[in-house]
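Written below as structure tokens is the structure these notes are about.
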There are 2 protein chains.
Amino acid sequence: MAANIHISLKHQSYLRDPESTELGKTIIAQSINLLDELGFEDFTFRKLAAAIGSTEASVYRYFENKHKLLAYLVSWYWAWLDYLVTFQTHNIPDPRERMSRAIEVIVKAGQNDDPTIVYIDERVLHRVVVAESAKVHHTKEVDAENKAGYFLELKHFCHSLALLILEINPAYSYPHALVSTMLEAAHQQLFYAQHLPSLTDVKADRYNETADFLKHIVFAVVDSKKHANPEQNG
Amino acid sequence: MAANIHISLKHQSYLRDPESTELGKTIIAQSINLLDELGFEDFTFRKLAAAIGSTEASVYRYFENKHKLLAYLVSWYWAWLDYLVTFQTHNIPDPRERMSRAIEVIVKAGQNDDPTIVYIDERVLHRVVVAESAKVHHTKEVDAENKAGYFLELKHFCHSLALLILEINPAYSYPHALVSTMLEAAHQQLFYAQHLPSLTDVKADRYNETADFLKHIVFAVVDSKKHANPEQNG
DNA sequence: CTTTGTATGATAGCAATACTATTATTCAAG
DNA sequence: CTTGAATAATAGTATTGCTATCATACAAAG
């Protein structure tokens, strides 16, 4: 994996591009660690500034508030995952095989030990995204932020996987819904395995089980005779 | 539906049982409206107290903080939904038919116009749960709260649906994961349809489409030949 | 009919959070 | 050498989250 890959976002959840300065990169790097350590609720710009030996006011020059910073990190994560999946599937001709590989990459994103970007610890970022990403869109600002393009990276990723679903079964009626459900489940099952094990059957850190479960769902659905004719109810 | 049904929780996210006093019931009723109106982030006990003509200190006598209040409401919601599903499926002999009905009840919980409990507006509560419930378990306190029984209602509901899955196909390996994925998707797709439509294919307020999508998933998975033998990968 | 306890209201206050503003310093490009 | 951009240092404000104290109201127990 190349070290000079640059993940750029299609929107500005930031005030000043953090990738353009040293302080900006430090803010990103340390906010990931601090979010992982404290959780979003206890994370503050004051603590972040203290952790990086800077000041609150300086952090506020990059991000309006901690919510926008989280939106940035989550978008960055989806853009990165999209890149990873594209990279790891681009030479696989069979769409089924490509989908299978994509699911493995998605589930094992937190295990990737070959960092794409030097100053971002993707394994920690994965933990943060699993634990906190739902908070990005579950707010009263979701419509305004959607308009501002905050969710383009997730939408793009979701859409390209939906097209892959349609390659496997062009008659399936809910490709985007299936993909967004699968993406959410990929995080959710990891979280449940670790914190609420009775809500799942996969064991913590058994990434293959989670991938197996998700593949079962996706392939059962796209292969189901019923789903080729969505008129017929189950 | 009887008006004297009492939904009681198996844990104490509260300090004083809100169902035991008039003020307690007012707190519940108004917190649902205010959460719906402001969202969890902007909701405060000060605003709630003002809205019900009481004081902050009085609210704090019922709930330690707004997070615990939300945990209470979400648990109440799951206990209520469990009751609704049990009630609406108890005389259906065929497990497939029972699952189908259960999914309809889950998806249409927000449309129920026959209130179970007088002082709780279940339609508004449903909106609040769709928008905010993820915040209950996505915190650093999740393990402690799990120990304290905060998630028993969801777990119980999930388990009883998992048993239903096993009734349909006793060989399926991931019944709890399938159910928790389906329950999450039921909320998520409604939310996406309304706020992030490109992440789904179902249209806002088309509850039948969402139910159709979820039934497709559940029945495709439990009927899939592959899933009877989880050794074979997709 | 008093006493006692329980629930609530009224008011105050405090530490932390979420910002904003002002000025000073550094440092690199013109 | 000057200018301007980025950052640091410091201060300050409104709101939030929460606790404490005291007064009142009212119902049950003696």
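Just so it is clear: chains get the letters A, B, ... in the order the sequence lines come, proteins before strands, and each one is counted from 1.
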Mind calculating the distance between [atom1] ([X]) and [atom2] ([N]) to the nearest angstrom?
| X | N | atom1 | atom2 | value |
| --- | --- | --- | --- | --- |
| B:F40 | D:dG17 | CZ | P | 8 Å |
| A:L15 | D:dA6 | CG | C1' | 14 Å |
| A:R46 | D:dA9 | CZ | C1' | 13 Å |
| A:E22 | D:dA5 | CD | C1' | 16 Å |
| A:Y60 | D:dA8 | OH | C1' | 17 Å |
| A:E56 | D:dT13 | CD | P | 16 Å |
| A:D42 | D:dC18 | CG | C1' | 15 Å |
| B:F45 | D:dT19 | CZ | P | 11 Å |

Legend entry - Nucleotide interval of DNA chain C bounded by contacts with chain B (heavy-atom cut-off, under 4.0 Å):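 Endpoints of the contacted stretch of DNA chain C: C:dA7 to C:dG13.
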Give a yes or no on whether the backbone of [Y] and the side-chain of [X] come within a donor-acceptor separation of less than 3.5 Å.
| X | Y | answer |
| --- | --- | --- |
| B:S58 | B:S54 | no |
| B:D201 | A:A177 | yes |
| A:T200 | B:H176 | no |
| B:K68 | B:L15 | no |

Inset, instruction - Using a 4.0 Å heavy-atom cut-off across all strands, classify B:F63 as base, sugar-phosphate, or nothing. - result: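 Touches nothing.
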Legend entry - Side chain proximity check, A:L34 to A:F43, heavy atoms < 4.5 angstrom: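 With C-beta onward as the side chain, the pair touches.
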Inset, instruction - State, with a plain yes or no, whether a side-chain heavy atom of B:L81 is found less than 4.5 Å away from one of B:W78. - result: yes
Inset, instruction - Could you tell me whether the phosphate oxygens of D:dA8, OP1 or OP2, come under 4.0 Å of any side-chain nitrogen or oxygen in A:S54? - result: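 Result: yes.
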Inset, instruction - Could you check B:L73, B:I117, B:V130 and say which one makes a side-chain contact (heavy atoms from CB on, under 4.5 Å) with B:L125? - result: B:L73
Legend entry - Partner of B:T210 by side-chain contact (heavy atoms from CB on, under 4.5 Å), out of B:K203, B:Q189, B:K215: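 Passing option: B:Q189.
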Legend entry - Check: A:Q188/A:Y192 side-chain N/O donor and acceptor closer than 3.5 Å: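 Yes, because at least one side-chain N or O of A:Q188 sits under 3.5 Å from a partner of the opposite role on A:Y192.
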Legend entry - Residues A:E184 and B:T181: side-chain donor-acceptor under 3.5 angstrom: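 Looking only at side-chain atoms, B:T181 and A:E184 do not form any donor-acceptor pair under 3.5 Å.
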Restricting to nitrogen or oxygen on both sides, can you table the protein-nucleotides 20-25 of chain D pairs closer than 3.5 Å?
none

Inset, instruction - Please list, by residue number, the residues of residues 65-74 of chain B whose heavy atoms come closer than 4.0 Å to an atom of DNA chain D; answer none if no residue qualifies. - result: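 Only B:N65, B:K66 qualify.
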Legend entry - Option from A:H137, A:E141, A:K155 for which side chain to side chain donor-acceptor pair (under 3.5 Å) with A:N146 holds: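 Testing each of A:H137, A:E141, A:K155 against A:N146, the sole residue satisfying side chain to side chain donor-acceptor pair (under 3.5 Å) is A:K155.
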Legend entry - Residue whose closest nucleotide on DNA chain D lies nearer the 5' end, A:G53 versus B:E41: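 Between the two, 5'-proximity favours A:G53.
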